[in-house]
Amino acid sequence: MQRPQPKTVRRGLLIALLVLWEAVPLTGLLPELFLPPLSKTLGVLWADLDKYYAALLVTLYEVVLATAIACGFGIVAGATIGGIAALRVLLLPVFSSLYAIPIVILYPIFTAWFGIGSQSKIMFAGIYGFFPVMLSTAAGIRTIDPQFLLAARSMGATTTQQITRVIIPASLPTVFSGLRLGGALAIIGVVVAEMLTASAGIGYLVTLNRTILDSPRVFAGILCILVLSIAYDILSRLLERRVVVWQSVGRRQQTATVPRPATQAVAAPSAA
Amino acid sequence: MQYLADVKAATAAGPAIEIDRVSHVYAGAEGGVPALEDISMSVGSGRFIVIVGPSGCGKTSLLMMMAGLREHSEGRINVHGAPIPKPDPDRVGVIFQEASLFPWLTTFDNIEFPLSLRGVSRDERRRRSRPMLSLVGLDGFGDRYPHELSGGMKQRVSIARGLVQDPPVLLMDEPFAALDEQTRMTMGHELLRIWSTTRKTVVFITHSLTEAVYLADEVYVMSSRPGRIIDHIQIDLPRPRTYEMMATDTFGRLRDRIWQQIRASH
C-alpha cells in the first residue's frame, strides 16, 4: 500500500477536527458552554458580521503597525549591533536576556503611558515582536561567511558594494525568519493586549463575551484570529519564497532528492 | 586603455610577479609572531608556479599579499611592474579554497559579479561570461544556483569568475582541496587545459605533492613558521602533462625531493 502524502493527511486531520468540533457538542459529550458547535459559531459570526468585521479591522490595523515597528527597528538595531563588534559584545547579551523576560508584565505601564486605545497595543506588540527580528538580524549579519567578503574584495568591491551586494543578500534568509517570527509575535502581542485592557478589537470581543458566558461569540472571535494568523503565515511564506529564491529552492531540493545523478546533469539543456 | 597598454608593456619587459625580501610579523599579545621571513621570488609571465609547504607556513598569507588583500611588514611585491596595495581585478584574479560562490546568484550572475561591480551592462556581461562558461565546460549550467552544482562544478564556476575580467595573473589558494581525489585529478587536468589556452601566469598553492609536480613549471617549497623558501625546483616534465607521467621515475624523484625538503624543515 502506498503511504499517503503528508499534505493529504494534514487535510484529512483538519477536516476530522472540524467534524469533531461540530459533532462532539451535538452528542452532548461536552456542554455547549465549553464547546459550541461549529455551525452555531459560524451562525453568530454571520449574524454579528459587521461587529466582527469592525473589530478585525482594528486588530489588523494594530498588527500592521506593530509589525512595521518591530521589523523596522529590529532590522536597524540588529544590523547595527550585528555589524559593529564592540556594540555586539556590549549589547547582545543584554538583549538576549531581555528577550527571556515576559514582556506582558509591562503592559500595565504601556496602558498608563499610551492609554487603552490602539496606541498601547501597537507599542506593546511592536516591542514584543522587536526582539526576534533584532536578534536574528544580528545573527544573520554575524554569521556571514567571511570568505564571501574576501572574495568580493578580491574582485574590487567597495565597502558600499560589500554591504549591498554581499552582506544584505547573505543575511536575508536569517533576517526573514526573524521577520516571520516577529510578525507572529506582533499578532500575539496585539491580541493579548486587547484581551487585557481595551475598548475595541477581536481580543476585546473575546474577553467581553467570555465574561457574559457567550461561548459561541468567544469561539467566533477565536476563529477570526485563527484566520488572521494562518493568512499571515501563508503570506509571509509566499513572500519569503520570492525574496529568498535560492534558499527555498535549496530546501525543497534537500527534502526531495539526494544530489542529482551526473547523467541527469549532463543531459541538461544547453544554453540557448 | 593606457593602463592596460602599460600592463602589457610591463609583461613584455619583466617578470609578472616580483617578490623582493618580503617579511611579515603578526602583532600578537606577547610581541610579534614572525609569519614570513625574507621571501623572494620572481615569476615569469605565463608560468605555472606552485607553492607547497606545511600547514600554517604562511603560503596563503603570501598569496593574499600578492592579491593586495593583506599587508606585509617588510619588502616589496610588484605585480606587472607596480605594487599592489589593494585588490586590482584588472591585474589579478583570485580563486579560493572553498568555491566562495554567492549562493543567491546563478552561475551566470556569479561569473559576472566582478563585471557588475563596475557597472558593465547586462548584455555586455552576458557576452563576456558565456565564453568563460564554455571554457570551463559548463555550457547549459548558466542558470543554476551553486547548491545545484557539484563541488567540481562550483570550482569550475569559480575559475570562470576569476578569468572573466581577463587578468594576466591568476592566484589560486588550494582550489581543489575540498574535492575528492578523482574530481581533483580531473580538475587539475582541466586547469592545465584552460591555462594552455589562456596563457595566464598562475600561482597555485597546494598541500598535494603529486598535484604540485603534475601542474607546475616551478615549485617553491616553504618551511614551517616562520615561512621561508627552502627550495625552488624546476619541473622539466614535457607538456602537455599526462596521467601516465605520474608513474615515471622522474615524477617520483621530483615528488620525493619536495617531500624530503618539507620533512627536513620540521
Shortest non-hydrogen contact from [X] toward [Y]:
X	Y	result
A:A151	B:R161	CB-NH2, 4.0 Å
B:L69	A:R153	O-NH2, 3.3 Å
A:R165	B:L117	NH1-CD2, 4.1 Å
B:Q97	A:Q147	N-NE2, 4.5 Å
A:F148	B:F102	O-CE2, 3.7 Å
B:M64	A:L150	SD-CD2, 4.1 Å

**Message:** Are there over 12 heavy-atom neighbours, none belonging to A:F73, within less than 6.0 Å of that residue's CZ?
**Reply:**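 Not buried by this count: 12 neighbours or fewer within 6.0 Å.
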
**Message:** Within a 6.0 Å radius of atom CZ on A:R11, are there more than 12 heavy atoms belonging to other residues, nucleotides or ligands?
**Reply:** no

**Prompt:** chain A heavy atoms under 4.5 Å from B:L149: which part of the residue, side chain, backbone, both or neither?
**Reply:**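 Nothing of B:L149, per the 4.5 Å heavy-atom cut-off to chain A.
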
**Asked** With only heavy atoms counted, which part of B:S150 is less than 4.5 Å from chain A, the side chain, the backbone, both or neither?
**Response** neither

**Fill in**
Max heavy-atom pairs within cutoff under 4.5 Å with chain A, candidates B:P89, B:S158, B:G93, goes to B:P89

**Fill in**
One should read off an interatomic distance between B:I95 CD1 and A:S154 OG, to the nearest 0.5 angstrom, of 9.5 Å

**Item:** Reported CE-to-CZ distance for the pair A:M155 and B:R118, which is rounded to 0.5 angstrom
**Value:** 12.0 Å

